[in-house]
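Following: one structure in structure tokens, then a few remarks.
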Amino acid sequence: MSKTMTGGCQCGRIRYEAMLENADAYWCHCRMCQRATGGIAAAFAQVPRREVRWLAEPDWYESSAIAHRPFCSACGTPLGFAFLDGEGGMDLTVGSFDDPSGFKPVLHAGAESIHESWLDTRGLPRHYTATTRNVADRYAALGLEVPE
Ligand SMILES: [Zn+2]
Ligand SMILES: [Zn+2]
């Protein structure tokens, strides 16, 4: 079942619409994705290129000899990945979707660089932003709600 989903960067300058065929997503643990996102891995959803419509064109940089990555040069949000030869689908970062909650990870790519200790963190204590005083108090001082 295909579904149109929207997303974009943190500052709102770059927006996209994408037609997704399913809820499949995956982790890429390769070192280039770690550096490109600053995370322990990149969470991606693969989409046919023709099914991605940029409402405002992203910036692109060549992250290797074979690939480039869209991002927002105003706020820095990593938005995805595509091969330079234009073949195959492209990836959009799961976290850049307006609603990333429905995606399901189905595989690990770049498995040679997996940080195993981060894979199952369910047992760790959980803190919530709205009740984290050093964050919530700063928003409250400005008369603002803690943003989503
Ligand atoms: Zn931005
Ligand atoms: Zn990667």
Side-chain angles (χ1 to χ4, degrees), residues 2-122 124 128-130 132 134-136 138-148:
S2 61
K3 182 179 176 186
T4 298
M5 293 185 68
T6 55
C9 68
Q10 188 172 26
C11 77
R13 190 173 73 92
I14 310 299
R15 298 285 304 160
Y16 62 77
E17 287 179 357
M19 181 78 81
L20 283 97
E21 287 158 5
N22 53 50
D24 291 358
Y26 72 99
W27 282 117
C28 187
H29 300 270
C30 85
R31 286 291 294 139
M32 283 185 283
C33 285
Q34 291 174 7
R35 290 192 184 97
T37 62
I40 54 104
F44 285 132
Q46 199 163 76
V47 187
R49 283 171 201 244
R50 66 180 177 283
E51 303 294 2
V52 179
R53 191 163 75 91
W54 298 102
L55 306 178
E57 276 296 314
D59 304 284
W60 293 83
Y61 73 100
E62 289 191 17
S63 55
S64 73
I66 62 168
H68 60 165
R69 295 173 190 250
F71 70 105
C72 173
S73 62
C75 69
T77 301
L79 294 165
F81 173 97
F83 289 113
L84 286 169
D85 62 14
E87 300 292 321
M90 68 169 294
D91 293 309
L92 293 169
T93 46
V94 168
S96 70
F97 282 90
D98 293 333
D99 180 9
S101 64
F103 289 103
K104 295 279 182 293
V106 297
L107 63 85
H108 295 287
E112 66 282 354
S113 301
I114 286 181
H115 295 296
E116 294 286 346
S117 61
W118 291 80
L119 287 184
D120 183 358
T121 57
R122 285 174 293 184
L124 298 180
Y128 296 86
T129 311
T132 300
N134 68 356
V135 175
R138 285 179 164 87
Y139 282 110
L142 297 172
L144 299 172
E145 299 286 321
V146 174
E148 187 182 81

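For ligands, and for the atoms within them, numbers begin at 1 and follow the listed sequence.
Rounded to 10°, the angle formed at the Zn ion (ligand 1) by Cys11 SG and Cys75 SG is 110°.
Within the protein, the N, O or S atoms sitting under 2.8 Å from the Zn ion (ligand 2) are Cys28 SG, Cys30 SG, Cys33 SG.
Legend: residues meeting ring-ring contact (aromatic ring centres under 6.0 Å, His included) with Trp118, ordered by chain and number and at least two apart, are absent.
Among all heavy-atom pairs drawn from Ile40 and His115, the shortest one is O-CD2, 3.8 Å.
Open room surrounds CD on Glu145; 12 or fewer heavy atoms of other groups in view lie less than 6.0 Å from it.
Distance alone, capped at 3.5 Å, places no donor-acceptor pair between the Glu112 side chain and the Cys30 backbone.
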Evaluation steps, ring pair (Phe, Tyr, Trp, His ring centres under 6.0 Å), between Phe103 and Tyr26: CA-CA 9 Å; Phe103 289 103; Tyr26 72 99; over 10 Å; no

From CA spacing to verdict: side chain to side chain donor-acceptor pair (under 3.5 Å), Ser63, Arg35: CA-CA 10 Å; Ser63 55; Arg35 290 192 184 97; over 6 Å; no

